[in-house]
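Report on one structure; see the data block that follows.
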Protein chains: 2
Amino acid sequence: MASSIHDLARHLNISIGTVSRALNGRADVNADTRQRVLDAAKQLNYSPNQSGRSLRQGATHSIAFMLQPHPGDQQYGEPFFIPFLIGLQGRLAESGLDLTVVMGAPGDYQQERLRRVVETRRADAVLLAWTRREDERIDYLTEVGFPFATLGRSRTGGKAYPSLDLDFEKAGADAVDRLVARGHRRIAAIRPSLNLNFGYLFLDGYRKALKRHGIEVDPALIADGFINEAGGYQVTPRVMLTKNRPTAIIFNNDAMALGGCKALAEMGIRPGHDIAVTVIVDTPLCRYFSPALTAFRPALEPMGRRLAEMLLASLPAFAGPEGPRIIREVWPLELIARESD
Amino acid sequence: MASSIHDLARHLNISIGTVSRALNGRADVNADTRQRVLDAAKQLNYSPNQSGRSLRQGATHSIAFMLQPHPGDQQYGEPFFIPFLIGLQGRLAESGLDLTVVMGAPGDYQQERLRRVVETRRADAVLLAWTRREDERIDYLTEVGFPFATLGRSRTGGKAYPSLDLDFEKAGADAVDRLVARGHRRIAAIRPSLNLNFGYLFLDGYRKALKRHGIEVDPALIADGFINEAGGYQVTPRVMLTKNRPTAIIFNNDAMALGGCKALAEMGIRPGHDIAVTVIVDTPLCRYFSPALTAFRPALEPMGRRLAEMLLASLPAFAGPEGPRIIREVWPLELIARESD
DNA sequence: TGTGTTCTCGTAAACGTTTACGGAAAAACG
DNA sequence: CGTTTTTCCGTAAACGTTTACGAGAACACA
């Protein structure tokens, strides 16, 4: 069934060494011989056994993507990641790499899973999704010298590693700018309570923009909540019950925004009429919600492609002739104006 | 860094054979020796090299999940699959298996991808998502004798294979029953045009239920469209412009329903008031749409777990002592009544 | 004591590759 | 024609496991 390099060698009456060299495009093999090997390979339907290659080369030809579902996410489904995965897997496949997805149980920090992946050498590199401000996974990986890249930046790690992030700071500032231009002065900000780094970036942008407009930052208008619908539902009333009600809310997460809107509806407050609502990361949910939520949209599929590319560029085995490079990029979010502000 | 079985052997002054047997729990090793090996393994932080095991055993310890993004799906994101993946990966991990996801480019039938996975022996088995009525992937896999299981049934394949499907037929019938009970007689059905099997099952249920109620099946009320929002948008007017307008539409897909509702809105027809709308597979989008769409909900995460389990049960290496079994299951969809009907 | 059985372990081959090394043949050069 | 270089290929080791086989030691039994 599966023909090996030995079958080819026997069939052509040459040695397996020559077959291997021919297949791998090495210089020291006669052009004619190479062609015969290639033909035979096609004819016998040969394709190399991955385990054999991996063992010999000490490389698994696969990349592990550590996806961390947020708690309570079963029903919600992280619409973020499928387009991202499409880009990621597509680019990796072009370089002959598999994509292994590893999902921690919702809630745990997947440090244990990560160790297992690294120690059993199940992947040549890992990709971390949504870094935290201080991220022990990054510490661990740099410590053991395992190659990785991250979706999102982090304060952790003296050593450089490739990372692709969204410009949450600018999005936060843009959101404020837009609301101020529309006459708002009391603007609330709601973000996830886990120490996800993008929450901090968002808040930085929010604060800076307010100051730039000469508006004092009111701590009562800033709230953290669980990063899901229940979190938004729970925390939104807190900012609404301050003595000076905000006239606008910026949510740092779509699920929280949906929960927040539910809370607003129960208070008889209508987004788009009585209050302006802006969401920092757009998902299809924002578009179909009523009123449709104004949101900042990432280019998910290209991001997946690009992060794969950046990771590859950092690996000696895949880097170009100039050698491995550490690339870090921050991508813009595009404002999609809809009805909620 | 990575300690091998040789390191353990040298450290304990025994042979690698004994170490391996001790680690793998074989009977022919002294209890005391085994304990010493286990201790040393922990102390030296040993974990077996996967490539080595794979090569020797002819098994990769990983399962490939073939996910087929529908065309035009970049923005939409298949919210279906993340919870499903959580269940799937969770169960596989419990048996020490990796999950490799392979996504074809949207639109292609991924036959080529599948061949590659099989021929390079990159996985011990594959999981097919959303079978078609006649599915060449199933033909291929049975022909080459490669283990697999499917999400969804198919007419293809004399040989048995594990499959987990949703009861689209019953859901279609239930949807009709409910609408008839509410006074509807002219009920349209809109389903995807690809020969996805669930589209046929749905239509079977729809037809049978209509007949049971003594309602003639009107072909003008049945339409196929592209399985995305644009498809629903495009095809919905077709059923609405028949001389006897339907008073209800059942959509076989959430994205098509959303596109359909857009078309309805442009015609001034309001779901929940002027027309009843039911969706067969619920996603978060249905819940947040306005009006919230009545839909039939699957138990995604348990489905993922269960399908993993069924696949494992069919593999000799993982089946219980009674030997491998082929399990086929059809799971119910739960009606979530909302505002649109 | 002799024979057979059971326990325990070491030896070595095998899985399918890649690659360092060396050597024979061919080509180039004087 | 002799010497050097180049071209091409075979040999064999190595990657880290698992496992069939056999052998020595301990034990049981008559």
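Order of the sequence lines sets the chain letters (A, B, ...), proteins ahead of strands, with each chain counted from 1. Note that this is a predicted model, so its numbers are computed, not measured. What you see below is based on every heavy atom in this structure, not just the backbone, and it leaves out hydrogens, waters and symmetry mates.
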- Query: B:Ser4 near the nucleic acid: base, sugar-phosphate alone, or nothing, with a heavy-atom cut-off under 4.0 Å?
  - Reply: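 It contacts sugar-phosphate atoms only.
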- Message: Counting the atoms with a prime plus P, OP1 and OP2 as sugar-phosphate, which does B:Gly17 contact under 4.0 Å by heavy atoms, base, sugar-phosphate, or nothing?
- Response: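 Base: the residue B:Gly17, judged by heavy atoms under 4.0 Å, touches a nucleobase.
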- Message: Is it true that B:Ser51 and B:Ser54 share a donor-acceptor pair across their side chains at a distance under 3.5 Å?
- Response: no
- Message: Would you say A:Arg153 and A:Ser163 are linked by a side-chain donor-acceptor pair, where the criterion is simply a distance under 3.5 Å?
- Response: no
- Closest-nucleotide 5' rank along DNA chain C - winner of B:Gly52 and B:Asn13: B:Asn13
- How do A:Ser51 and B:Arg34 order along DNA chain C: which one's closest nucleotide is nearer the 5' end?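 Result of the comparison: B:Arg34.
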Measure from [atom1] on [X] to [atom2] on [N] and round the result to the nearest Å.
X: A:Gln57; N: C:dC15; atom1: CD; atom2: P; answer: 20 Å
X: B:Arg56; N: C:dC15; atom1: CZ; atom2: P; answer: 8 Å
X: A:Ile16; N: C:dT19; atom1: CD1; atom2: P; answer: 13 Å
X: A:Asn24; N: D:dC8; atom1: CG; atom2: P; answer: 17 Å
X: B:Arg26; N: D:dT19; atom1: CZ; atom2: C1'; answer: 7 Å
X: B:Asn30; N: C:dG10; atom1: CG; atom2: P; answer: 11 Å
X: A:Arg121; N: D:dC15; atom1: CZ; atom2: P; answer: 15 Å
X: B:His61; N: D:dT17; atom1: NE2; atom2: P; answer: 12 Å

- Query: Can you list the steps and then say if A:Asp139 with A:Thr156 is a side-chain hydrogen bond (donor to acceptor under 3.5 Å, both in side chains)?
  - Reply: CA-CA 7 Å; A:Asp139 284 332; A:Thr156 307; 4.8 Å; no
Check this one for me: any side-chain N or O of [X] less than 4.0 Å away from OP1 or OP2 of [N]?
X: B:Ser54; N: D:dT17; value: no
X: B:Arg53; N: D:dT18; value: yes
X: A:Ser20; N: C:dT18; value: yes
X: B:Ser15; N: C:dG10; value: yes

Selection from [options] that lies nearest to any side-chain heavy atom of [X]:
X: A:Asp28; options: D:dT17, C:dA20, D:dC8; value: D:dC8
X: B:Val29; options: D:dC9, C:dC9, C:dT18; value: C:dC9
X: A:Thr33; options: D:dC8, C:dG16, D:dT11; value: D:dC8

- Greater than 12 external heavy atoms within 6.0 Å of B:Arg116's CZ: no
- Query: Just checking, B:Arg328 and B:Tyr161: is the charged tip under 6.0 Å from the six-membered ring centre and within 45° of the axis?
  - Reply: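 So B:Arg328 does make the cation-pi contact.
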